[in-house]
2 protein chains.
Amino acid sequence: MIEVLPQFNSTFSIDCILFGFDEGELKILLIERNEEPFKDWWALPGNLVSENESLDQSASRILHELTGIENVYMEQFYTFGDIGRHPQGRIISVAYYAMLRLGGDKALKPISNYAKQAHWINVKELPKLAFDHQKIFDQGLEKIKRRIKHQPIAFELLPEKFTLTQLQNVYEVILGKKLDKRNFRKKMLSFNVLKDLNEKQKGVSFRAATLYRFDKRKYGKLFGKEISF
Amino acid sequence: MIEVLPQFNSTFSIDCILFGFDEGELKILLIERNEEPFKDWWALPGNLVSENESLDQSASRILHELTGIENVYMEQFYTFGDIGRHPQGRIISVAYYAMLRLGGDKALKPISNYAKQAHWINVKELPKLAFDHQKIFDQGLEKIKRRIKHQPIAFELLPEKFTLTQLQNVYEVILGKKLDKRNFRKKMLSFNVLKDLNEKQKGVSFRAATLYRFDKRKYGKLFGKEISF
DNA sequence: ACCAGATATTGTAAAATTAACACTTATTGT
DNA sequence: ACAATAAGTGTTAATTTTACAATATCTGGT
């Protein structure tokens with residue numbers, strides 16, 4: 001015999017911070033809501049979790065519905081459950097982030113019904129956000145600031161082939177400070193996770209830089225190490 | 001007009017890892033369940049979240065009901081939402097940990113109805129745990145291993161007055177490795193967060209060690225610094 | 001008073017890492 | 001050829017980390 005637990009039913013949602021790197025700036029994908037509450041406000045993409053999917057699956061689904069992108073690693077970072085965070089009742093939200101390679105077209109699918117539009121917005125110029133999404137964003141940004149020092153997540157924002165200067169830009173934008181070029185290159189190369197492609201950048205009107213690729217095989221060496229710039 | 005969102009109702013619970021340090025060992029509080037499912041199994045203390053409390057409040061309540069302790073800082077670390085993690089349906093669990101100062105009596109209140117007994121159990125000798133609680137524990141332990149290197153959480157496991165050797169023991173037990181005594185003391189004192197009480201340990205049959213107290217005023221200095229042993 | 005047992009306390013030198021700092025090279029466009 | 005622009009590169013000093021062992025202090029027992 002299986003007893004039925006006494007239940008207080010509530011609802012779960014997932015909210016995602018999708019980070020992208022474009023024109024030298026860190027951006028996130030925001031949607032303009034088309035429904036109450038917070039109609040016409042900007043918000044993090046999110047949705048309710050359905051019955052037959054895990055939290056991770058739900059996060060991937062939301063990403064896919066919004067961008068058409070699949071197979072991207074998303075990481076859960078905090079669950080927001082304050083009373084009153086949602087005006088319509090008790091909705092607890094599990095927050096995820098992902099780092100995306102933005103293609104030229106920025107990979108946005110036609111927007112689904114719940115949003116009027118979606119845009120990549122510079123994190124330095126965020127509008128007022130719906131619900132407690134500003135808080136969620138703040139915490140997510142702190143998370144990747146810590147994360148980037150230990151894990152090779154910076155590569156995930158860049159095209160497959162990238163220059164050391166581009167990589168340094170990612171670090172500088174996320175950490176919010178300038179880094180020394182020589183020390184950065186020395187240290188980054190010392191990890192032995194970059195493969196020199198013997199290939200040069202194209203289409204620039206100055207000396208072309210060497211292209212590198214992130215070498216997954218050597219990935220493990222970075223784990224747990226503090227990278228301090 | 002406020003629309004009603006389409007809802008899939010599910011239930012969520014809080015599970016807590018309560019860490020304690022006793023007899024030189026790291027322990028956690030486990031309860032023996034008195035109800036199906038997993039009747040007679042050991043489990044992390046947990047409970048359903050009620051309608052009028054935030055996640056943090058719920059975690060504090062569970063701690064209080066079980067131990068009588070109040071005003072302890074608990075930290076949320078992950079939310080577990082795999083399908084099938086609970087045999088009776090969709091129950092998502094938000095996991096917290098706390099570090100407790102174990103008094104002589106270990107501060108256990110009479111056990112509430114849902115458990116037969118509760119015990120402090122050495123983390124090296126854990127029994128099989130109910131649900132996915134082993135996974136929750138593993139992740140919680142990893143969390144404090146990382147945390148102890150950046151934040152002064154080790155002090156929270158010790159009595160207010162403690163010796164450097166006791167403090168080193170906490171680090172050794174959590175990190176799972178021996179540390180060099182001279183280097184440990186040098187580094188720990190260099191943070192300037194320990195106040196020398198000019199007072200000696202009592203009741204030992206050998207040279208008594210100096211007692212220290214954690215100095216909250218200097219707390220900030222530790223933040224963000226990597227402590228490597 | 002002395003000794004044995006147990007733990008506390010202390011310093012130094014080598015190695016590794018980090019931090020600070022500026023000039024030369026390569027390429028493009030005029 | 002030269003101006004403009006970013007790529008690429010080494011050394012030194014400072015700091016941090018690591019490795020390592022002898023002496024001091026206290027208790028309890030004789």
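No hydrogens, no waters, no symmetry mates; every other heavy atom, side chains included, goes into these values. Residue numbers start from 1 in every chain, and the chains themselves are labelled A, B, ... in the order their sequence lines are given, proteins ahead of strands.
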J.: Polar atom pairs between nucleotides 21-24 of chain C and protein, under 3.5 Å, N or O only, would you list them?
T.:
{"from": "C:dC21", "atom 1": "N3", "to": "A:R182", "atom 2": "NH2", "distance (Å)": "3.3"}
{"from": "C:dC21", "atom 1": "N4", "to": "A:D180", "atom 2": "OD1", "distance (Å)": "3.4"}
{"from": "C:dC21", "atom 1": "N4", "to": "A:R182", "atom 2": "NE", "distance (Å)": "3.4"}
{"from": "C:dA22", "atom 1": "N1", "to": "A:R182", "atom 2": "NH1", "distance (Å)": "3.4"}

J.: Would you be so kind as to tabulate the donor-acceptor pairs closer than 3.5 Å made by side chains of residues 135-145 of chain A, with sequence neighbours excluded?
T.:
{"from": "A:K135", "atom 1": "NZ", "to": "A:D82", "atom 2": "OD2", "distance (Å)": "3.3"}
{"from": "A:D138", "atom 1": "OD1", "to": "A:Q134", "atom 2": "NE2", "distance (Å)": "3.0"}

J.: How would you list, by chain and number, every residue that makes a side-chain hydrogen bond (donor to acceptor under 3.5 Å, both in side chains) with A:K186, sequence neighbours excluded?
T.: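 By the side-chain hydrogen bond (donor to acceptor under 3.5 Å, both in side chains) rule, A:K186 matches A:N183.
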J.: Tabulate below the donor-acceptor pairs under 3.5 Å that side-chain atoms of residues 56-63 of chain A make, not counting sequence neighbours, or state none.
T.:
{"from": "A:D56", "atom 1": "OD1", "to": "A:Y96", "atom 2": "OH", "distance (Å)": "2.5"}
{"from": "A:Q57", "atom 1": "OE1", "to": "A:S54", "atom 2": "N", "distance (Å)": "2.8"}
{"from": "A:S58", "atom 1": "OG", "to": "A:E53", "atom 2": "OE2", "distance (Å)": "3.1"}
{"from": "A:S60", "atom 1": "OG", "to": "A:D56", "atom 2": "O", "distance (Å)": "3.3"}
{"from": "A:R61", "atom 1": "NE", "to": "A:E53", "atom 2": "OE1", "distance (Å)": "2.9"}
{"from": "A:R61", "atom 1": "NE", "to": "A:E53", "atom 2": "OE2", "distance (Å)": "3.2"}
{"from": "A:R61", "atom 1": "NH1", "to": "A:E65", "atom 2": "OE2", "distance (Å)": "3.2"}
{"from": "A:R61", "atom 1": "NH2", "to": "A:L48", "atom 2": "O", "distance (Å)": "3.1"}
{"from": "A:R61", "atom 1": "NH2", "to": "A:E53", "atom 2": "OE2", "distance (Å)": "2.7"}

J.: Report the distance from atom NZ of B:K202 to atom P of C:dT7, rounded to the nearest whole Å.
T.: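 Interatomic distance, NZ of B:K202 to P of C:dT7: 20 Å.
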J.: How many Å lie between CD on A:E199 and C1' on D:dA7, as a whole number?
T.: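 In whole Å, D:dA7 C1' lies 17 Å from A:E199 CD.
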J.: Mark yes or no for whether B:E199, through its side chain, and B:T210, through its backbone, hold a donor-acceptor pair below 3.5 Å.
T.: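 A pair under 3.5 Å: no.
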J.: Report yes if at least one side-chain N or O of B:K200 is closer than 4.0 Å to OP1 or OP2 of D:dC26; otherwise report no.
T.: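 Checking D:dC26 against B:K200, no side-chain N or O comes under 4.0 Å of OP1 or OP2.
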J.: How is A:T210 classified with respect to the nucleic acid when contacts are heavy atoms under 4.0 Å: base, sugar-phosphate, or nothing?
T.: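 Since only primed, P, OP1 and OP2 atoms lie under 4.0 Å of A:T210, the category is sugar-phosphate.
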J.: In whole Å, what is the span from the CZ atom of B:F162 to the C1' atom of C:dT7?
T.: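 The distance from CZ of B:F162 to C1' of C:dT7 comes to 18 Å, rounded to the nearest Å.
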J.: Would you call the rings of B:Y97 and B:F77 parallel, tilted or perpendicular, taking 30° and 60° as the class edges?
T.: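 Rings of B:Y97 and B:F77: tilted, as their planes differ by 30° to 60°.
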J.: Between C:dA8 atom P and B:M188 atom CE, what is the distance in whole Å?
T.: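 Rounded to whole Å, this separation is 16 Å.
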J.: Can you tell me the distance, in whole Å, between the CZ atom of A:F184 and the C1' atom of D:dA7?
T.: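 Whole-Å distance recorded here is 14 Å.
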J.: Of B:S205 and A:F206, whose nearest nucleotide on DNA chain C comes first from the 5' end?
T.: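 First, find each residue's nearest nucleotide; the 5'-ward one identifies B:S205.
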J.: Whole Å only: how far is the CZ atom of B:R185 from the P atom of D:dT16?
T.: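 Rounding to the nearest Å, CZ of B:R185 and P of D:dT16 are 21 Å apart.
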J.: Between A:L179 (CG) and D:dA7 (C1'), how many Å, whole number?
T.: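 Rounding to the nearest Å, CG of A:L179 and C1' of D:dA7 are 17 Å apart.
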J.: By side chain to side chain contact (heavy atoms under 4.5 Å, CB included), which residues pair with B:V204, not counting sequence neighbours?
T.: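 Result, side chain to side chain contact (heavy atoms under 4.5 Å, CB included) vs B:V204: B:Q201, B:F206, B:A208.
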J.: Can you list the residues that meet the side chain to side chain contact (heavy atoms under 4.5 Å, CB included) rule with B:I121, with sequence neighbours excluded?
T.: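 Scan of B:I121 (side chain to side chain contact (heavy atoms under 4.5 Å, CB included), adjacent residues dropped) gives B:L30, B:W42, B:H119, B:L126, B:P127.
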J.: Contact class for A:T165 (heavy atom, under 4.0 Å): base, sugar-phosphate, or nothing?
T.: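 The residue A:T165 makes sugar-phosphate contact but no base contact.
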J.: How long is the line joining NZ of A:K187 and P of D:dG8, in whole Å?
T.: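 Taking atom P of D:dG8 as the reference, NZ of A:K187 is at 20 Å.
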